[in-house]
Amino acid sequence: MAEFTKGEWKREGNKITKGGQGIIAICPSPNTGGVFEFIANSHLIAASPKMYETLLAMRTWYFKKGLDRELPEFRAVQSAIALVEGKEG
């Protein structure tokens, strides 16, 4: 399991915070050296913990159902989890 800041992450403008208690990340705007998609990027980053949780739940579901682990969908879930956990990249 990946170690990251626990709790709900929120987007506040171009900043991602832990429930308003501290800055996790800042997505710079084009005016400060960033890209035009900085707001969309901040939404994606803020949603990351929930997406990781969902991937882990999907993997558990596959295991419980005894589904074929060679299915492309299962391999995609495994690959995404590995990326989050820094085991692939």
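These numbers come from a predicted model, not from an experiment. Quick note: residue numbers are just sequence positions, from 1.
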Salt bridge (charged side-chain N to carboxylate O under 4.0 Å, His left out) contacts touching residues 60-74 (sequence neighbours left out):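 Applying salt bridge (charged side-chain N to carboxylate O under 4.0 Å, His left out) to every pair that reaches into residues 60-74, excluding sequence neighbours, yields Glu70-Arg75.
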If you look only at pairs with a residue in residues 35-58, which of them pass as a salt bridge (charged side-chain N to carboxylate O under 4.0 Å, His left out), with sequence neighbours excluded?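 Every salt bridge (charged side-chain N to carboxylate O under 4.0 Å, His left out) pair that includes a residue of residues 35-58, provided the two are not neighbours, is Lys50-Glu53.
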Ser42 side-chain N/O to Ile39 backbone N/O, donor-acceptor pair under 3.5 Å: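 Yes, Ser42 side chain to Ile39 backbone: donor-acceptor pair under 3.5 Å.
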Does the Asn14 side chain pair with the main chain of Pro28, one donor and one acceptor, at a distance under 3.5 Å?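 No; judged by distance alone, with no hydrogens or angles, the pair does not exist.
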side-chain contact (heavy atoms from CB on, under 4.5 Å) partners of Leu44, counting only residues at least two apart: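 So Leu44 forms a side-chain contact (heavy atoms from CB on, under 4.5 Å) with Met51.
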Could you state the interatomic distance from [atom1] ([X]) to [atom2] ([Y]), rounded to the nearest 0.5 Å?
X     : Y     : atom1 : atom2 : answer
Lys18 : Lys6  : NZ    : NZ    : 10.5 Å
Leu56 : Glu85 : CG    : CD    : 6.5 Å
Arg59 : Thr54 : CZ    : OG1   : 13.0 Å
His43 : Ile45 : NE2   : CD1   : 11.0 Å

Does Val35 share a hydrophobic cluster with Ile26, counting links as ILVMFWY side-chain heavy atoms below 4.5 Å and allowing steps through other members?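 They do not share one cluster, since no chain of ILVMFWY contacts under 4.5 Å joins Val35 to Ile26.
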Using the rule that Ile, Leu, Val, Met, Phe, Trp and Tyr join whenever any side-chain heavy atoms are under 4.5 Å apart, tell me whether Ile24 and Phe4 fall into a single cluster.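 Yes, because Ile24 and Phe4 connect within a single hydrophobic cluster, where side-chain heavy atoms sit under 4.5 Å apart.
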Can you list every pair that meets ring-ring contact (aromatic ring centres under 6.0 Å, His included) and has a residue in residues 62-85, with sequence neighbours left out?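 Sorted result for residues 62-85: Tyr62-Phe74, Phe63-Phe74.
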Sequence-distant partners of Phe38, ring pair (Phe, Tyr, Trp, His ring centres under 6.0 Å), two or more places apart: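 Checked Phe38 against ring pair (Phe, Tyr, Trp, His ring centres under 6.0 Å); zero matches.
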Who are the side chain to side chain donor-acceptor pair (under 3.5 Å) partners of Thr5, not counting sequence neighbours?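 In terms of side chain to side chain donor-acceptor pair (under 3.5 Å), with neighbours along the sequence ignored, Thr5 is linked to no residue.
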Pick out which of Glu12, Arg11, Glu8 makes a side-chain contact (heavy atoms from CB on, under 4.5 Å) with Thr17.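 That would be Glu12.
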